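See below for the structure under consideration.
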Amino acid sequence: MDGYAVRDADLDGGASVLRDIGTRYAGAGKANCIGPGEAMRVMTGANVPLGADRIVMIEDCLVDSGTIVLNDPPLGKSHIRRRGSDFTAGQILLPAGRMLTPTALAAAAAADHAKVAVVRQPRVLLIATGDEIAAPGSAYLSERSIPDSLSASIALQCRLAGGVLLSEKRLVDAPALIRSALSGSPADVVVIIGGASHGDRDFSQSALMPLGLHIAFAGVSIKPGKPVWYGHIGKTHILGIPGSPTAALTVARLFLVPLIAGLSGGDPATALDWRLQPTSKPLQSNGSREAFLCATCSKGAVEIFDRQEASAQAALASTNAIVRRAANAPAQPAGSLVPVLSI
Ligand SMILES: Nc1nc2c(c(=O)[nH]1)N[C@H]1C(S)=C(S)[C@@H](COP(=O)(O)OP(=O)(O)OC[C@H]3O[C@@H](n4cnc5c(N)ncnc54)[C@H](O)[C@@H]3O)O[C@H]1N2
Ligand code: MOO
């Protein structure tokens with residue numbers, strides 16, 4: 001506080017007249033003492049002189065040629081921050097696994113740390129496959145092409161989750177090309193989009209077998225995204241994402257984001273922060289696969305879209321959440337609480 005440092009013993013209930021003995025600025029080092037009948041001008045952040053009990057705001061002081069007059073005895077806060085009153089030596093401000101957000105970095109620097117040990121950001125190699133996919137902006141050039149709508153989107157999901165994109169490749173359905181995309185790559189995670197299902201040119205798994213791919217699972221009973229698969233080549237994690245766009249984005253949110261969170265030193269579960277919100281519409285009974293439905297979530301409620309197709313993309317423009325429905329869930333009325341995840 002900008003004001004005068006004073007001693008409570010000098011504030012006798014009526015007006016006090018004190019002698020100004022000088023000024024202390026922030027950064028000026030240890031302050032002197034003040035004695036009976038004395039006051040010292042201090043600026044916010046300056047060390048408080050020994051003997052002072054409080055700082056009186058300058059607005060409440062009458063200053064006249066070396067004399068300070070306080071008409072009303074100051075009450076309430078002393079405006080003095082005691083050493084160690086915020087945190088003390090040995091106190092843990094940032095537990096291991098805490099993301100270094102702007103606020104966390106301020107806490108580390110406030111504790112006078114120039115360096116903190118961190119987990120390296122996971123490096124991601126993103127491969128989109130398909131003879132038909134073309135870079136956005138060029139698909140109109142050929143009748144055989146469709147825009148690759150997934151690379152940019154999944155790359156952004158990776159970055160927002162804390163990953164570093166090493167490279168984005170767009171490949172035709174050719175096993176040798178898919179294999180060579182991985183060669184020499186220092187990626188911690190390879191994401192391969194498309195070619196995950198049962199088509200004659202679905203090569204994403206078979207192309208990587210000669211590299212020593214070990215598949216942990218292939219196919220999960222979810223809708224959309226059933227063909228999702230996961231494996232590893234040595235220490236490199238490989239996530240196979242189905243090509244159908246809504247399926248791809250749902251799988252990236254449910255599998256890739258937690259994977260990156262875990263590899264970043266955090267708890268993968270924190271990436272799946274489901275919350276309950278009321279649905280604005282009644283829900284039909286669900287089929288035998290656990291379902292994830294595109295929705296718009298606003299403050300009060302979640303609006304689940306009527307049309308849910310793994311290939312549909314127009315609705316993605318207004319999708320900001322997915323709603324989870326258990327396998328064989330019964331019909332539910334509007335207003336029922338449903339689990340919602342931001343996407
Ligand atoms: N016999 C079966 N066929 C299919 C099954 C099944 O269980 N049995 N599953 C279906 C499901 S579910 C999905 S999802 C798709 C996923 O198939 P793939 O991962 O093999 O994906 P593709 O065949 O390569 O592509 C599917 C669809 O998506 C379009 N696509 C692909 N990549 C992109 C991209 N980067 N940007 C935009 N669109 C993309 C592609 O053109 C296809 O239309 O398999 C079903 N089949
Ligand atoms: O699982 Mo698929 O993704 O329903 O189209």
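Note that these values count all heavy atoms, side chains included, but never hydrogens, waters or copies made by symmetry. In listed order, ligands and their atoms are each counted from 1. The model shown is predicted, which means the values in this text are computed figures rather than measured ones.
Below 4.0 Å from some heavy atom of Pro224 lie the following atoms of ligand 2, by number and element: 1 (O), 3 (O), 4 (O). Shown in contact with His198 at under 4.0 Å from a heavy atom are these atoms of ligand 1, numbered in order with element: 2 (C), 6 (C), 7 (O), 8 (N). Here is the list of ligand 1 atoms found below 4.0 Å of a heavy atom in Pro242: 14 (S), 16 (C), 19 (O). With ligand atoms numbered from 1 in the order given, ligand 1 contributes 19 (O), 21 (O), 24 (O) to contacts under 4.0 Å with heavy atoms of Gly194. Short contacts between ligand 2 and Ala247, defined as distances under 4.0 Å to a heavy atom of the residue, involve ligand atoms 3 (O). Atom numbering of ligand 1 starts at 1 in the shown order; those under 4.0 Å from a heavy atom of Lys226 are 7 (O). Each of the following atoms of ligand 1 lies closer than 4.0 Å to a heavy atom of Ile146: 38 (N), 41 (O). Annotation for ligand 1: atoms under 4.0 Å from non-hydrogen atoms of Ala196 are 18 (P), 19 (O), 20 (O). Taking every non-hydrogen atom of Leu150 and a distance limit under 4.0 Å, the qualifying atoms of ligand 1 come out as 33 (C), 34 (C), 35 (N), 36 (N).
For the pair Asn286 and Lys223, the minimum side-chain heavy-atom distance is 4.5 Å or more. Between Arg275 and Pro339, the closest side-chain pair of non-hydrogen atoms is not below 4.5 Å. Proximity of Met40 to Asn32: side-chain heavy atoms (C-beta onward) are separated by under 4.5 Å at one or more points. With a 4.5 Å cut-off on side-chain heavy atoms, Ile68 and Leu62 do not count as touching.
Comparing heavy-atom distances from atom 26 (C) of ligand 1 across Gly240, Pro136, Ser244 singles out Ser244 as nearest. Of the listed options Gly243, Gly219, Pro147, Gly243 places a heavy atom closest to atom 19 (O) of ligand 1.
Although no hydrogens or angles enter the test, the distance criterion places no donor-acceptor pair under 3.5 Å between the side chain of Ser153 and the main chain of Leu150. One N or O on the side chain of Arg24 and one on the backbone of Ala28 form a donor-acceptor pair closer than 3.5 Å. Using a distance-only test at 3.5 Å, with no hydrogens or angles considered, no donor-acceptor pair links the side chain of Asp64 to the main chain of Thr67. When atom types are taken as modelled, the side chain of Arg324 and the backbone of Val340 share no donor-acceptor pair closer than 3.5 angstrom. Of the possible polar contacts, none joining the Gln277 side chain to the Val338 backbone as a donor-acceptor pair under 3.5 Å is found.
Between Glu309 and Arg307 a salt bridge is recorded (basic side-chain N to carboxylate O distance below 4.0 Å). A salt bridge links Asp306 with Lys281; the closest basic N to acidic carboxylate O contact falls under 4.0 Å.
Ligand 2 has a nitrogen or oxygen under 3.5 angstrom from a nitrogen or oxygen of Lys226. Considering backbone and side-chain N/O of Arg289, one or more are found under 3.5 Å from N/O of ligand 2. The shortest N/O to N/O separation between Glu132 and ligand 1 falls below 3.5 Å. Of the polar atoms of Gly195, at least one N or O is found under 3.5 Å from an N or O of ligand 1, judged by distance alone. Distances between N or O atoms of Ser151 and those of ligand 1 include no value under 3.5 Å. Among the atoms of Ser197, some N or O lies under 3.5 angstrom from an N or O of ligand 1.
Of all protein heavy atoms, the one lying nearest to atom 35 (N) of ligand 1 is Asp148 OD1, 2.8 Å. The protein atom (non-hydrogen) at minimum distance from atom 5 (O) of ligand 2 is Ala310 CB, 3.0 Å. Scanning all protein heavy atoms for the shortest distance to atom 37 (C) of ligand 1 gives Ser149 OG, 3.2 Å.
Residue Lys223 does not touch ligand 1, judged by heavy-atom distances below 4.0 Å. Residue contacts with ligand 1 for Asp202 involve side-chain atoms from C-beta outward but no N, CA, C or O (heavy atoms, distance under 4.0 Å). Counting heavy atoms closer than 4.0 Å to ligand 2, residue Glu309 contributes nothing at all. Counting heavy atoms under 4.0 Å from ligand 1, residue Ala248 does not touch it at all.
Lys169 NZ: 12 or fewer foreign heavy atoms inside a 6.0 Å radius.
Residue Gly130 places no heavy atom under 4.0 Å from ligand 1. The shortest separation from a heavy atom of Gly225 to ligand 2 is under 4.0 Å, placing the residue in contact. Contact analysis puts Pro227 in contact with ligand 1, with a non-hydrogen atom separation below 4.0 angstrom.
Looking at residues two or more places apart in sequence or on another chain, you find no ring-ring contact (aromatic ring centres under 6.0 Å, His included) involving His113. For Asp10, the side-chain hydrogen bond (donor to acceptor under 3.5 Å, both in side chains) criterion is met by Arg7, not counting sequence neighbours.
Between His214 and His232, a ring centre-to-centre spacing shorter than 6.0 Å is recorded.
Of the candidates Leu256, Leu254, Ile241, Val251, Val251 is the only one forming a side-chain contact (heavy atoms from CB on, under 4.5 Å) with Val228.
Distances from atom 43 (O) of ligand 1 to the protein include no heavy-atom value under 4.0 Å.
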